[in-house]
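First listed ligand is number 1; within each ligand, the first listed atom is number 1. We number each residue from 1, following the sequence as shown.
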Amino acid sequence: MRWEAAPDLLSGDEPVALLGVRLETVADVRRLHETLLVPMLRAGVPVLVECDVTPDELDVARFVEPGFEHAHTLERLRWLVARATVGDPRFAGPTTIEPHRPLDPSQLAAARAPGGVVQVIAPAGSGKTTVLVERVRELLARGADPERVLCMTFNDPAAAELRTRLEAAGAGRVAARTFHSVGRRIIAAHGLLEGRELHHGWTVPQWARFARQAAAEVGGTVPEPAELPGLVSSIRLGELMSPQEWEDACPQDEHARVVARVYTLVEREKARGRLYDFDDMIVHAVRLLRAHREVRERWQGAFEHVLVDEYQDIEPAQELLVRMLAAPHDDLFVVGDEDQTLYGWRRASVRTMLDLERAFPALHRVALEFNYRCTPEVVRASAALIARNRKRFAKPIKPAPGREDGGARAIRIARYPESTPGAAPRLLARKLAAYGRGEIVVLGRTINALRPFALAAADAGVRISGPEELFESAGAQETLEAYFAVLAEPRAATEADVRVILRRPSRGFGLDAAARVVDALARGASLGRAVEQLPDEGWKVSRAGEQLGALVAARDAAAVIRRLRVDGLDRYFDEVARASARPDRDDRKVLDEAEQEARGQSVAEYAAVLDSRRLSLRRARDERGGIELTTVHRAKGRQWPRVVVVACDEGVLPHRNALNALADAVAAGEGVEAERRIAYVAFTRATEELSILHTEGRHSRFLHDAGLVAEPVPETAKPADPDPPSRAGFWEPPRLPSSTRATGERGTALESAAEALGDHAGTVGEFLDTVEALTENERARVLKAVGLGAEAAVPDLPPKTRRSLAATLRVMARR
Ligand SMILES: Nc1ncnc2c1ncn2[C@@H]1O[C@H](COP(=O)(O)OP(=O)(O)OP(=O)(O)O)[C@@H](O)[C@H]1O
C-alpha cells in the first residue's frame, strides 16, 4: 500500500488492517508510528498491523535516530504497540469538568484537546496561562498522577507565577519548573554536580582575558569580549559539542578558531575551579539522556505529561530536552506564539512553531482567538501589522468580546522634528514625572534608541531603571568614553580605559601593554610617546604611536572621532557586527551621532559631556522604584497601563541591519519579519494607552502596516548606510544541534555512524566499510583527515582521535 493513502483510513470506525508492512529503515518506523498508528488510535480506529518483524525484534543500534526532529522513534513505536493493546488513557476523550474560570470556546477547545502532542497558538493577551492551568486540571481529571505532570517555563518568575496559579486552581501538587532546573535535577541525580559550585558567568574583563590568551595561542586578532558569552553559548547549545569536538569541526577561519579556543580555555578554567554554569544544566542533561538509554527511561518514566509555556522561544538544545522527556509516550502540550519569536540570535526560530508538525504529523493544533489585554484599537492595529508577515500561521486575532473602544487615548502617534532632537525626550521626561513605577514604561528597539530619553528623564529628576548597558556603556559608547577620558586627562588614565584604546581598533600588543602605558602616562608622557616606549615590535609601536599621537593633535573632538574611525575603528566595529550573533548592534550609528554632536567642542569639553552623562544616568538609577525604560525584548511577556514606544523610525524599528539580512536569514523568518514581530510585541504591551513617537518624515513602515499612518515609508527615510550584514542576522538560521542537522538519508546515516563509533570493536577500515553512505574516495579522505591507517583498531584509538573521526563524519553529514 502507499503510505499517502493513510489519511483516508482515518474516517469512520471500521477496523483497519495494514498488511505486509516492511520495517527496513528508520523512515519506515517513523511513518508507521507518526502517520498511521498515532492518528488512527486517536481517531479511535481499531487497527491491526502485519509486519515482517515486530518492533521488539528490530536492532536498536541499526535504527538509531540521532536526528533531533524524530528522536528515538523506535522506542516510541515499541511503547505504542505495547501500550495500545492494553488501552491507553492518552487517547481518552475530553472530560466535562467545570473550568476553574470562565473560558472562551477556543480556550476550552485547547484545554480539552485529545492527548498526544498538542500545539496551542496563543496570541498576545489571549490567556495562555489560563489555558495551561486548565489543561493540567483536565489531565488530572483524566486520571493523570499529579507527581508525573511537569510544566516547563523559561525563567524563575514565570515558574513562580505558574505555581501560584496552579495552586489557586487546585493543582498545587503539579510541578512548574524552568528548563534549567529540570536539567539541573537530572545531572545532579547522576552525580555530575558533586563537589561543583554554580558559576554565574564571567565578567567582561575575564572574557577579555580569555580572548587575549586564545588569540595569542592560535594566532589571530582578539575578538570582542562582549560577544563571547553569546558565541560560546551558541557552540554549546547550538552544536552540543565539547571543546575538542568543536576545535576539530569548526570552520577554519581565523575568528572561528580563536572563538573555539576561547571555549576550550573557559571549560578548562571551569574544570580547574570545579564550576558549572547555566548552559551546563541543559547541555549535560541532553548529553546524558541521549547517550544512556537507562537514564532516558528513568526520566521519561518520571514525567508522563509535559507542558511547555512560551514554546516560540525554545532553542534547539532545550527542545531536544523536552522531546526526550516527553517520549516515548509523547504527551506534550506546548503553548506559544510564533508572532512573538524574538530571539533569532539566540537560536530560537519562528520555524520551531511552524515546523512542529514535521516532527509530529499527528499533532493537534488549536489557535486562541481573543486578545484580552489590549484595547480593541490596539488589537486591530497590531493584528493588521503582524498579518503582513508570511512566516506565521494565518489566524484571526480579535478584541475581547464586550470590551469597549479605548477612545482617543488608546493609540497616540507623536511626531517630532529632526532639527530639534532633544525636544521629544524633554517632553516625555515631563510626562514620566507624573507617574510611578509600573504605571508607564518607555520601550525602545535598542539601548541607543533609549539613551536620549533616559538622559532627559535623569536631567528632569525622574528616577529610572533599565538594562545594565544603559548605565554601564558597552561597544562604541564605551570606546568613545575611554578615548576621551584618556585624551582629556592622560595622567589620570585608568588601565581599563587604556586597554580599550589598545584593543579598539586592535593594535596587536601583548597582555601587559596597558599597564606599561598607564605608567608612562602617569609619569607625564604623551599618549603617543607612552605607546612608543612599549618593548614590542617596532612597526606596531611606531604606527600606533603615530596614530595616537595624531589624536592628541586633532583640532576638535569631532576631528578626534573622525580620525579614530579612519584609523580603523569603523572597520573594527564592522568586524564585530559581522561576527556578532546579534542583529542590532548600533556601534556605527553611535559613532555617527557622536561625531556630529562633537563638532566645535574641544576634547576637554566633549570628555566632560560624556562624563557628566554617565554620572547623571548612574545617579538617576533606581532599580526598585524607578520608571522603567527598557528594550522591547526585555518587555516581552509583561504589560503596563501606558506604553510609550520611542524612535519608531525606519532604521531603528525595523533596525537598519535587518534590512540588510542575508537570504538564509530572511527565509528563516528573520530580517524585516523579525523586526515586525518586535513592533507587534511592543504595541501589545499596553492595556490602556499606547503612545508611539517617531521622527517627522522618517516613520517606521510598521506604522503604515498597522494602519496608523496613511503614508508608506517616505523615500528619504530609507537608511542610507546599513551596517555590514551580521552573520546571517542572527547567527545563522537557527539550527538544530549538529547531529540533528544532517540533511537527508545520507546525512542521517553518517550521523548514526558517528554515534555508533564508540561501540565498534573492529578496525577503522571495517568500521568505515559498514558506513554504506560513504564512497570509496570518501573513506580514504576520512582516513587521511584523521591521520589513520585502515588497520588501526577502533577500541585502541586515543579519545582525541576517536572524537576527530566522529567529527569528520558529522561534518560530511552536513554537506
Ligand atoms: N476567557 C477569558 N475571559 C476574560 N478574560 C480572560 C479570559 N482568559 C484570560 N483572560 C484575561 O486575559 C489576561 C491574560 O490571561 P493570562 O494571565 O491567563 O495569560 P498570560 O499567561 O498572561 O498570557 P498572555 O500573554 O497570553 O496574556 C488576564 O488578565 C486574564 O484575566
Hey, is [X] close enough to [Y] for a salt bridge, meaning N to O under 4.0 Å?
X	Y	result
K128	D337	no
E650	R701	yes
D331	R148	no
E469	R634	yes
E147	R173	yes

Decide yes or no for N657 and D584: does some side-chain heavy atom of the first lie under 4.5 Å from some side-chain heavy atom of the second?
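Heavy-atom side-chain distance check fails, nothing below 4.5 Å.
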
Min heavy-atom dist R101 to ligand 1 below 4.0 Å
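Judged by the 4.0 Å heavy-atom criterion, R101 does count as contacting ligand 1.
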
Indicate, as side chain, backbone, both or neither, the part of A400 found under 4.0 angstrom from ligand 1 when only non-hydrogen atoms are considered.
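Neither part.
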
R165, portion touching ligand 1 at heavy-atom distance under 4.0 Å:
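It is the side chain that gets close, since no backbone atom is under 4.0 Å.
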
Contacting atoms of ligand 1, where contact means under 4.0 angstrom from a heavy atom of [X]:
X	result
Q107	1 (N), 2 (C), 7 (C), 8 (N), 9 (C)
R373	24 (P), 25 (O), 27 (O)
S126	24 (P), 26 (O), 27 (O)
P123	26 (O)
G125	24 (P), 25 (O), 26 (O), 27 (O)
P102	1 (N), 2 (C)
D104	1 (N)
K128	19 (O), 21 (O), 23 (O), 25 (O), 26 (O)

Considering residues at least two apart in sequence or located in another chain, which fulfil the side chain to side chain contact (heavy atoms under 4.5 Å, CB included) criterion with E472?
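Side chain to side chain contact (heavy atoms under 4.5 Å, CB included) list for E472, sorted by chain: E468, R618.
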
For atom 7 (C) of ligand 1, is there a protein heavy atom at a distance under 4.0 Å?
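So atom 7 (C) of ligand 1 has protein heavy-atom neighbours under 4.0 Å.
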
Within 4.0 Å of atom 29 (O) of ligand 1 (strictly less), any protein heavy atom?
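So atom 29 (O) of ligand 1 lacks protein heavy-atom neighbours under 4.0 Å.
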
How about CZ on R463, more than 12 heavy atoms from neighbouring residues, nucleotides or ligands closer than 6.0 Å, or not?
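Yes, the 6.0 Å shell around CZ holds more than 12 heavy atoms from other groups.
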
Protein heavy-atom partner closest to [atom] - residue, atom, separation in Å:
atom	answer
atom 21 (O) of ligand 1	T129 OG1, 2.0 Å
atom 12 (O) of ligand 1	Y372 CB, 3.2 Å
atom 18 (O) of ligand 1	T130 OG1, 2.4 Å

Step by step, would you call R677 with E338 a salt bridge (Lys or Arg N to Asp or Glu O under 4.0 Å)?
CA-CA 9 Å; R677 294 195 291 270; E338 78 285 5; over 6 Å; no

Just to verify, what does D649 make a salt bridge (Lys or Arg N to Asp or Glu O under 4.0 Å) with, not counting sequence neighbours?
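Per chain and number, D649 pairs via salt bridge (Lys or Arg N to Asp or Glu O under 4.0 Å) with no residue.
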
From K391, R676, Q312, K395, residue fulfilling side chain to side chain donor-acceptor pair (under 3.5 Å) relative to D339:
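Testing D339 for a side chain to side chain donor-acceptor pair (under 3.5 Å) against K391, R676, Q312, K395 leaves exactly one candidate, K395.
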
For the 3.5 Å polar cut-off, considering only N or O atoms, please tell me whether G127 and ligand 1 meet it.
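By distance alone, the answer is yes.
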
